[in-house]
Amino acid sequence: MPAFSSYPTASRLDELKHNVEAIRSRIAAACARVGRDPAEVRLLPVSKTVPIDRLRLAYAVGCREFGENKVQEAHHKAEATADLEEVRWAVIGHLQTNKAKYVARFASEFQALDSLRLAEALERRLQVEGRALDVFVQVNTSGEASKFGLPPEDVVGFVGKLSAYPALRVRGLMTLALLSGDPARVRPCFERLRRLRERLRQETSIGLEMNELSMGMSGDFELAVEEGATTVRVGQAIFGARTVPDSHYWPEASPRENAS
């Protein structure tokens, strides 16, 4: 798994095309190792701190979905690229309830649902907007205090209560693994999420398909694919290493920011 500093900046069309194609090839190879169909795995480019001109280049090489950690940054970029057809925005980072109104206005997907208070706030705003929203429940499978997400033991009960929020279309689960170069430490985080989804599927009272597993980032997405990921969130391996801290680029960045 490469170190983040090993990702060169991709600022030209050919560089972005090469990176996207290389990642898709690695996804296909990981699928082949475990007998999966690569079509089952969605590549979600994470454009955190990436300027608009490079997003347009990514669009030109075929990217139609982008993930953002901060809702204000995502909203700004959605407005700045409104002329591009078929672009969808996924908010993948922790969300304060007072920011739910922004997600409800423009996002197609929210991957960090971890409280009923936030579910209620999103439901209220979505009802006002007349929209529905695909959501993933975030699970802290690493047990680290630095990460957001529900403890695995709380997820079944939490998901069982989400039927009270009809504007939230629950698609599956999301996690962030330990940030480590040791696959033996990283893989169990993905295994826990997959097993948790299997348990949820067996809970007939929940009444949800729970098909999706969003897990894996630039440094570990191949392990995630081998463990059943249906969405991998890849930023730096596409766009290059980030050269400025999130807090400098976007003032409200949190120390528990989800990486990519």
Side-chain angles (χ1 to χ4, degrees), residues 1-10 19-20 22-34 36 41-50 67-70 90 92-94 111-112 114 136-155 172-199 212-247 249 253-260:
M1 295 186 289
F4 288 150
S5 61
S6 68
Y7 301 122
T9 299
N19 288 352
V20 169
I23 291 164
R24 293 195 187 282
S25 294
R26 290 167 63 188
I27 289 171
C31 285
R33 288 193 290 272
V34 293
R36 295 187 64 195
V41 183
R42 173 178 59 142
L43 172 60
L44 178 62
V46 176
S47 50
K48 180 171 70 172
T49 77
V50 176
E68 286 286 343
N69 291 72
K70 307 306 295 183
I92 62 174
H94 179 70
Q111 292 199 9
D114 62 0
F136 291 60
V137 174
Q138 183 172 358
V139 185
N140 185 345
T141 57
S142 71
E144 297 171 282
S146 60
K147 286 186 170 65
F148 290 104
L150 292 166
E153 61 270 20
D154 293 350
V155 173
L173 306 175
M174 184 273 265
T175 199
L176 294 90
L178 282 165
L179 186 61
S180 170
D182 182 359
R185 299 183 66 205
V186 174
R187 189 184 294 274
C189 298
F190 301 142
E191 291 175 333
R192 290 184 195 111
L193 199 71
R194 174 172 48 79
R195 290 172 182 162
L196 183 55
R197 184 187 63 174
E198 291 168 359
R199 181 184 169 193
E212 304 296 328
L213 289 177
S214 176
M215 56 189 194
M217 302 184 295
S218 289
D220 57 21
F221 68 85
E222 289 154 302
L223 291 177
V225 170
E226 291 173 0
E227 293 300 326
T230 63
T231 295
V232 292
R233 309 179 305 273
V234 179
Q236 298 189 74
I238 294 176
F239 296 105
R242 299 182 188 105
T243 57
V244 294
D246 297 342
S247 57
Y249 180 84
S254 161
R256 293 205 287 179
E257 184 74 55
N258 293 350
S260 59

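Ser218 and Gln236 are not linked by any side-chain donor-acceptor pair at a separation below 3.5 angstrom, with hydrogens and angles left out of the test.
Here the side chains of Ile92 and Leu44 are in contact, with some heavy-atom distance below 4.5 Å. At a threshold of 4.5 Å between non-hydrogen side-chain atoms, the residues Val46 and Asn69 count as touching. Met215 places none of its side-chain heavy atoms less than 4.5 Å from the side chain of Met174. In this structure, the side chains of Ile23 and Phe221 come closer than 4.5 Å at one or more pairs of heavy atoms. Taking 4.5 Å as the limit, every side-chain heavy atom of Lys147 sits out of range of all side-chain heavy atoms of Thr175.
The CZ atom of Phe190 sits 7.5 Å away from the OG1 atom of Thr141 when rounded to the nearest 0.5 Å. Rounded to the nearest 0.5 Å, atoms CG (Asn140) and SG (Cys189) are 8.5 Å apart. Of the inter-residue distances, the one linking Arg195 atom CZ with Leu193 atom CG reads 11.5 Å to the nearest 0.5 angstrom.
Nearest heavy atoms, Asp220 versus Ala177: OD2-CB, 3.9 Å. Heavy-atom minimum distance, Thr9 versus Ala241: OG1-O, 4.3 Å. Across every non-hydrogen atom of Val186 and Ser180, the tightest pair is CG2-O, 3.4 Å. For Val234 against Ala237, the heavy-atom pair with the smallest separation is CG1-CB, 3.7 Å. Nearest heavy-atom pair, Pro188 versus Pro183, reported as atom, atom and distance to 0.1 Å: CD-O, 4.2 Å. When all heavy atoms are compared, the tightest approach of Leu213 to Gly228 is CD1-O, 3.7 Å.
Ser214 pairs with exactly one of Thr231, Leu176, Thr230 by the side-chain contact (heavy atoms from CB on, under 4.5 Å) rule, that one being Thr231. Remark: of the listed residues Val137, Leu173, Val139, Leu173 is the sole one forming a side-chain contact (heavy atoms from CB on, under 4.5 Å) with Arg197.
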Should Ile27 and Arg36 be marked as a side chain to side chain contact (heavy atoms under 4.5 Å, CB included) after you check the CA-CA gap, both sets of side-chain angles, and the distance that decides it? CA-CA 10 Å; Ile27 289 171; Arg36 295 187 64 195; over 6 Å; no
Before you tell me yes or no, could you show the steps for His94 and Asp114 under side chain to side chain contact (heavy atoms under 4.5 Å, CB included), namely the whole-Å CA-CA distance, both residues' side-chain angles and the distance that decides it to 0.1 Å? CA-CA 9 Å; His94 179 70; Asp114 62 0; 4.0 Å; yes
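In terms of modelled atom types and a separation under 3.5 Å, the side chain of Asn19 and the main chain of Ile238 share a donor-acceptor contact.
Counting heavy-atom neighbours within 6.0 Å of Arg42 CZ, excluding the residue itself, gives a total above 12.
Checked for salt-bridge contact, Arg187 and Glu226 meet the test: a charged N lies under 4.0 Å from a carboxylate O.
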